[in-house]
Amino acid sequence: MSLGERIGVYPGTFDPITLGHADIIRRGAKLVDRLIIGVTTNPSKNPLFTPEERMAMVEREVAALGIENVTVVGFHALLMKFAQKQGASVIVRGLRAVADFEYEYQMAGMNQQLNPSIETVFLMADVSLQPIASKLVKEIAMFGGEIAKFVSPAVREDVMARVSRNGLLGDY
């Protein structure tokens with residue numbers, strides 16, 4: 001880390017990484033000198049992919065974006081401790097809807113109490129990408145629906161292979 005370098009952290013489970021995530025990565029990378037994509041686990045979510053698989057998927061998608069100032073780091077810790085360890089001064093969060101804002105606003109307030117020197121920056125998802133959520137992408141795929149509009153072709157293949165291995169849900 002060089003003196004004065006502005007480092008941002010964009011945390012998430014990325015299970016799977018969507019076109020909405022890619023949009024926030026592209027735009028967030030413009031706001032900082034270095035953007036660290038923090039791939040983490042969330043005990044309240046039911047992951048389709050292992051942490052290692054998600055790391056590899058995010059690394060591949062970031063490489064495909066061709067953005068030089070983005071790195072991918074896995075973590076299993078309190079976000080603010082991870083951000084501090086990375087030397088970050090900014091947390092980047094994407095917002096899709098009002099419901100996201102309520103949750104993210106609460107999290108930003110808690111994070112500010114934990115470390116007031118790290119700011120949270122909210123980026124609105126592109127209008128065309130606002131409905132996309134990893135949880136819904138997984139649900140659509142598990143019931144045999146098409147997810148090509150929501151993820152890259154490579155991620156679609158990853159998801160469909162996993163769903164094929166696990167088996168479809170539903171009667172039809």
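All of these numbers come straight from a predicted model, not from anything done at the bench. One-based numbering along the sequence shown.
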- How about Ile25 and Ile37: do any of their side-chain heavy atoms sit closer than 4.5 Å? yes
- Considering only heavy atoms from C-beta outward, does the side chain of Ile36 approach that of Ile7 to under 4.5 Å? yes
- Tested for side chain to side chain contact (heavy atoms under 4.5 Å, CB included) against Pro16, the lone hit among Ile147, Asp158, Val137, Leu48 is Val137
Please list, one pair per line, the donor and acceptor atoms closer than 3.5 Å that link side chains of residues 91-99 to other protein atoms, with sequence neighbours excluded.
| residue | atom | partner | partner atom | Å |
| --- | --- | --- | --- | --- |
| Arg93 | NE | Glu104 | OE1 | 2.9 |
| Arg93 | NE | Glu104 | OE2 | 3.3 |
| Arg93 | NH1 | Pro11 | O | 2.7 |
| Arg93 | NH2 | Glu104 | OE2 | 2.6 |
| Arg96 | NE | Asp100 | OD2 | 3.0 |
| Arg96 | NH1 | Ile132 | O | 3.2 |
| Arg96 | NH2 | Asp100 | OD1 | 3.1 |

- Check: Arg26 and Ile67 side chains under 4.5 Å, non-hydrogen atoms: yes
- Query: Above 12 or not: heavy atoms from other molecules or residues under 6.0 Å from CD of Gln106?
  - Reply: no
- Message: Just by distance, no angles: are the side chains of Asp15 and Thr13 close enough, under 3.5 Å, to form a donor-acceptor pair?
- Response: no
- With the threshold set at 4.0 Å, does a side-chain nitrogen-carboxylate oxygen contact exist between Asp23 and Arg27? yes
- Message: Within the 4.5 Å heavy-atom criterion, are Arg156 and Met160 side-chain neighbours or not?
- Response: yes
- Query: Which heavy atom in Val39 sits nearest to a heavy atom in Met55, and how many Å separate them?
  - Reply: CB-SD, 3.8 Å
- Would you say the side chains of Glu61 and Ser152 form a donor-acceptor pair under 3.5 Å? yes
- Message: Any side-chain to backbone donor/acceptor pair from Arg54 onto Phe49? Under 3.5 Å, distance only.
- Response: yes
- Item | Verdict with supporting geometry, Thr40 and Phe82, side-chain contact (heavy atoms from CB on, under 4.5 Å) | CA-CA 10 Å; Thr40 189; Phe82 173 72; over 6 Å; no
- Can you check whether Val90 reaches Arg6 side chain to side chain, under 4.5 Å on heavy atoms? yes
- Determine whether Val159 and Lys138 make a side-chain contact, defined as any pair of heavy atoms from C-beta on separated by less than 4.5 Å. no
- Val32, Met124: one ILVMFWY side-chain cluster at the under-4.5 Å cut-off? no
- Task: Find out whether Phe150 and Leu19 are in side-chain contact, i.e. whether some heavy atom of one side chain is under 4.5 Å from a heavy atom of the other.
- Result: no
